[in-house]
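No hydrogens, no waters, no symmetry mates; every other heavy atom, side chains included, goes into these values.
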Number of protein chains: 2
Amino acid sequence: MPAPKFEQIYKQIKTEIETGIYRNGDYLPSEHSLTARFDCTRNTVRRALAMLEAEGYVLPLHGRGVQVIYIPQSDKSLFTIGGIESFAEAAERNNIKYSTKLISFELIKADEKLSLQTGFDIGEELYLIKRLRIFNGKAIIYDTNMFLRSETEGLTVEIAKQSIYQYLERELHMTITTSRRRVAAEKATREDKRYLDLGRADFVLSVTGQVFNSRGIMFEYTQSRHVPDRVTFIESAVRQKI
Amino acid sequence: MPAPKFEQIYKQIKTEIETGIYRNGDYLPSEHSLTARFDCTRNTVRRALAMLEAEGYVLPLHGRGVQVIYIPQSDKSLFTIGGIESFAEAAERNNIKYSTKLISFELIKADEKLSLQTGFDIGEELYLIKRLRIFNGKAIIYDTNMFLRSETEGLTVEIAKQSIYQYLERELHMTITTSRRRVAAEKATREDKRYLDLGRADFVLSVTGQVFNSRGIMFEYTQSRHVPDRVTFIESAVRQKI
DNA sequence: GCCGATTTGTCCGTATGTATC
DNA sequence: CGATACATACGGACAAATCGG
């Protein structure tokens with residue numbers, strides 16, 4: 001089963017924008033000619049363009065054409081978060097070497113307070129895993145993950161020391177489909193100060209999220225506490241027409 | 001010209017989810033029956049559902065149905081940022097009274113450094129406007145806006161004291177279409193400390209963004225520095241199928 | 001395990017409207 | 001005004017996943 005056509009087109013055009021074949025301010029070829037180029041209908045081309053629009057690569061202008069608004073970012077921060085990525089994937093994309101230190105690995109039950117915070121049902125068994133992410137000898141991310149036991153059976157300390165997502169995807173054949181993220185700046189806790197290399201900062205950038213699998217079950221609640229100035233969080237938004 | 005059909009459907013279903021007619025874990029009626037209900041084709045229904053998916057309200061499950069994954073957030077923070085909103089709109093949505101204090105209003109020219117930071121061309125004339133947002137007597141947001149003069153002619157101190165977006169949309173008939181945002185936690189500067197009611201915190205949540213109008217011109221660069229713990233930034237993401 | 005009904009996923013082709021040039 | 005380009009919407013075909021009998 002090959003990748004869907006609209007996705008191939010999306011990736012192709014995205015690559016052409018990123019490599020500078022189409023530059024900021026340029027217009028893409030018209031939908032009509034893209035239709036000819038990719039041998040498909042306008043609907044399919046438009047779907048690919050909609051994805052590029054959602055990611056802030058292009059801006060369709062009624063009656064004129066589809067303008068490229070991609071400005072390559074000279075990003076100084078270590079991490080760029082956007083979309084769904086595991087830590088390992090982000091590190092790879094950012095071309096960074098890292099190591100992971102397992103702080104703790106427990107099996108707990110969700111009480112009422114935790115249920116309210118995370119969205120897990122009361123009484124559910126959860127793996128509570130805390131890990132430290134280390135770059136160049138500096139601890140810059142403190143991850144707390146809670147996995148629904150019933151969906152992630154077989155999780156071990158050994159796996160937690162490596163990549164949990166790799167285990168879920170390759171061994172359990174789980175597909176991660178969607179997540180919701182919240183970003184907030186928070187005062188550093190005692191735990192943060194103990195584990196993270198905060199330097200003179202006494203605050204962290206906290207990213208929490210719920211992750212769903214392809215069966216529609218929320219199987220993970222995650223909180224990442226980042227040393228500030230090392231992370232940027234990027235989104236692009238399209239204004240609702242009123 | 002009425003609102004497009006797919007948008008009406010999107011809003012209707014969204015409201016029904018938010019008011020609890022469909023609850024977390026429920027399945028929406030099938031696309032087929034929604035087609036009947038809204039008297040349109042499946043394509044149109046699917047477009048509305050795609051919007052709800054992108055916002056993290058629902059999760060379509062192949063062969064099963066469209067599951068609601070909306071968990072009402074008991075949000076303690078004052079502001080919830082997501083999508084494109086002016087400050088005034090966000091305040092209204094969050095049902096909050098506020099006032100604005102104009103700090104400065106200048107006309108400047110973009111130099112090389114500023115050009116690199118903002119994306120404006122070197123030599124462009126910009127309105128540089130700094131404003132303070134105040135709630136219940138506390139200054140919690142420090143806004144710095146740069147508007148391209150050629151696109152926002154007629155901007156005055158008086159307008160800056162009110163809502164600039166209202167002026168742009170109602171008077172200049174400008175349409176804001178898309179924006180890209182970056183979120184980062186940063187150490188408070190002397191300016192932050194001077195103007196913001198930071199309490200014991202010595203850091204801010206910085207949100208920067210570029211805003212485009214419907215002619216494809218980036219006419220605004222904006223930076224908002226928020227008192228932490230008052231803001232949450234929410235996004236939902238859908239994982240790329242690999 | 002198979003089969004058929006249901007449901008979502010992809011894609012096609014077409015028609016009409018609207019903005020720009 | 002006509003040509004071009006994007007926007008919305010219709011209707012239909014087939015594929016793929018799920019579920020119940």
Side-chain angles (χ1 to χ4, degrees), chain A residues 1-11 13 26-54 57-69 173-175 177-178 212-217 238-242, chain B residues 1-11 13 26-54 57-69 173-175 177-178 212-217 238-242:
Chain A
M1 180 182 50
K5 208 178 262 193
F6 70 87
E7 213 169 289
Q8 294 175 34
I9 298 171
Y10 153 77
K11 281 187 182 169
I13 299 177
D26 287 355
Y27 284 87
L28 292 183
S30 74
E31 293 176 354
H32 179 71
S33 55
L34 289 174
T35 289
R37 172 179 169 194
F38 291 108
D39 187 30
C40 63
T41 58
R42 239 189 94 209
N43 278 335
T44 306
V45 165
R46 282 181 62 76
R47 190 158 173 193
L49 293 177
M51 292 174 72
L52 291 167
E53 183 189 2
Y57 278 75
V58 302
L59 180 59
L61 299 171
H62 198 158
R64 292 212 267 171
V66 179
Q67 187 176 8
V68 176
I69 57 171
H173 301 294
M174 185 183 280
T175 315
T177 52
T178 192
F212 295 77
N213 65 20
S214 59
R215 300 219 308 288
I217 294 169
V238 178
R239 188 171 181 86
Q240 298 283 350
K241 279 136 204 163
I242 309 161
Chain B
M1 178 183 51
K5 208 177 260 192
F6 70 88
E7 214 170 287
Q8 295 177 35
I9 298 170
Y10 152 77
K11 281 187 181 167
I13 299 177
D26 287 354
Y27 284 88
L28 291 183
S30 73
E31 293 176 356
H32 180 70
S33 55
L34 288 174
T35 288
R37 173 179 168 195
F38 290 108
D39 187 31
C40 64
T41 58
R42 234 187 99 207
N43 279 332
T44 306
V45 165
R46 283 181 62 75
R47 189 158 174 192
L49 294 177
M51 292 175 72
L52 291 167
E53 182 190 3
Y57 279 76
V58 301
L59 181 58
L61 297 171
H62 197 160
R64 291 212 267 173
V66 179
Q67 187 176 9
V68 176
I69 55 172
H173 302 292
M174 186 183 280
T175 315
T177 52
T178 191
F212 295 77
N213 65 19
S214 58
R215 299 218 311 287
I217 293 169
V238 178
R239 190 170 179 84
Q240 297 286 346
K241 281 138 203 162
I242 310 160

Give the nucleotide from the list C:dT10, C:dT20, C:dG17 with an atom nearest to the side chain of A:Pro4.
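The closest nucleotide is C:dT10.
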
[X] [atom1] to [N] [atom2]: how many Å, rounded?
{"X": "A:Leu61", "N": "D:dA5", "atom1": "CG", "atom2": "C1'", "result": "11 Å"}
{"X": "B:Leu59", "N": "D:dA17", "atom1": "CG", "atom2": "C1'", "result": "14 Å"}
{"X": "B:Ile9", "N": "D:dA9", "atom1": "CD1", "atom2": "P", "result": "8 Å"}
{"X": "B:Tyr27", "N": "C:dT7", "atom1": "OH", "atom2": "C1'", "result": "11 Å"}
{"X": "A:Leu34", "N": "D:dT4", "atom1": "CG", "atom2": "P", "result": "17 Å"}
{"X": "A:Glu31", "N": "C:dT20", "atom1": "CD", "atom2": "P", "result": "16 Å"}
{"X": "B:Leu49", "N": "C:dG9", "atom1": "CG", "atom2": "C1'", "result": "12 Å"}
{"X": "A:Glu53", "N": "D:dC6", "atom1": "CD", "atom2": "P", "result": "12 Å"}

For the student: nearest non-hydrogen atoms of [X] and [Y], plus distance:
{"X": "A:Ala48", "Y": "A:Phe6", "result": "CB-O, 3.4 Å"}
{"X": "A:Cys40", "Y": "A:Thr35", "result": "O-CG2, 2.7 Å"}
{"X": "B:Leu61", "Y": "B:Gln67", "result": "CD1-OE1, 3.3 Å"}
{"X": "A:Asn213", "Y": "B:Leu59", "result": "O-CD2, 3.8 Å"}
{"X": "B:Val58", "Y": "B:Leu28", "result": "CG1-CD1, 4.1 Å"}

Quick one: salt bridge (charged side-chain N to carboxylate O under 4.0 Å, His left out) partners of B:Arg46, sequence neighbours excluded?
B:Glu31

List every contact pair, protein side and nucleotides 12-16 of chain C side both N or O, where the distance is under 3.5 Å.
residue, atom, partner, partner atom, Å
C:dC12, OP1, A:Lys5, NZ, 2.9
C:dC12, OP2, A:Thr41, N, 3.2
C:dC12, OP2, A:Thr41, OG1, 3.3
C:dC12, OP2, A:Thr44, OG1, 2.7
C:dC12, N4, A:Asn43, ND2, 3.4
C:dG13, O6, A:Asn43, ND2, 2.8

Quick check: do [X] and [Y] have side-chain heavy atoms less than 4.5 Å from each other?
{"X": "B:Phe212", "Y": "A:Ile69", "value": "yes"}
{"X": "B:Pro60", "Y": "B:Leu49", "value": "no"}
{"X": "B:Lys5", "Y": "B:Arg47", "value": "no"}

What are the atom names and distances for every N/O pair under 3.5 Å that joins the protein to nucleotides 4-6 of chain C?
none

Any strand is fair game: report the nucleotide pairing with D:dC1 by Watson-Crick or G-U wobble, both distances under 3.5 Å, or none.
none

Kindly say if B:Arg47 contacts the phosphate of D:dT8, meaning a side-chain N or O under 4.0 Å from OP1 or OP2.
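Looking at the OP1 and OP2 atoms of D:dT8, one of them is under 4.0 Å from a side-chain N or O of B:Arg47.
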
Look at the side-chain N and O atoms of B:Arg64 and state whether any lies under 4.0 Å from the OP1 or OP2 oxygen of D:dC19.
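Yes.
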
Please determine whether any donor N or O and acceptor N or O are separated by less than 3.5 Å between the side chain of A:His62 and the base of C:dT20.
no

Is there, by distance only and without an angle test, a donor paired with an acceptor across the side chain of A:His32 and the base of D:dA5 below 3.5 Å?
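Between D:dA5 and A:His32, which were checked side chain against base, a qualifying N/O pair under 3.5 Å is absent.
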
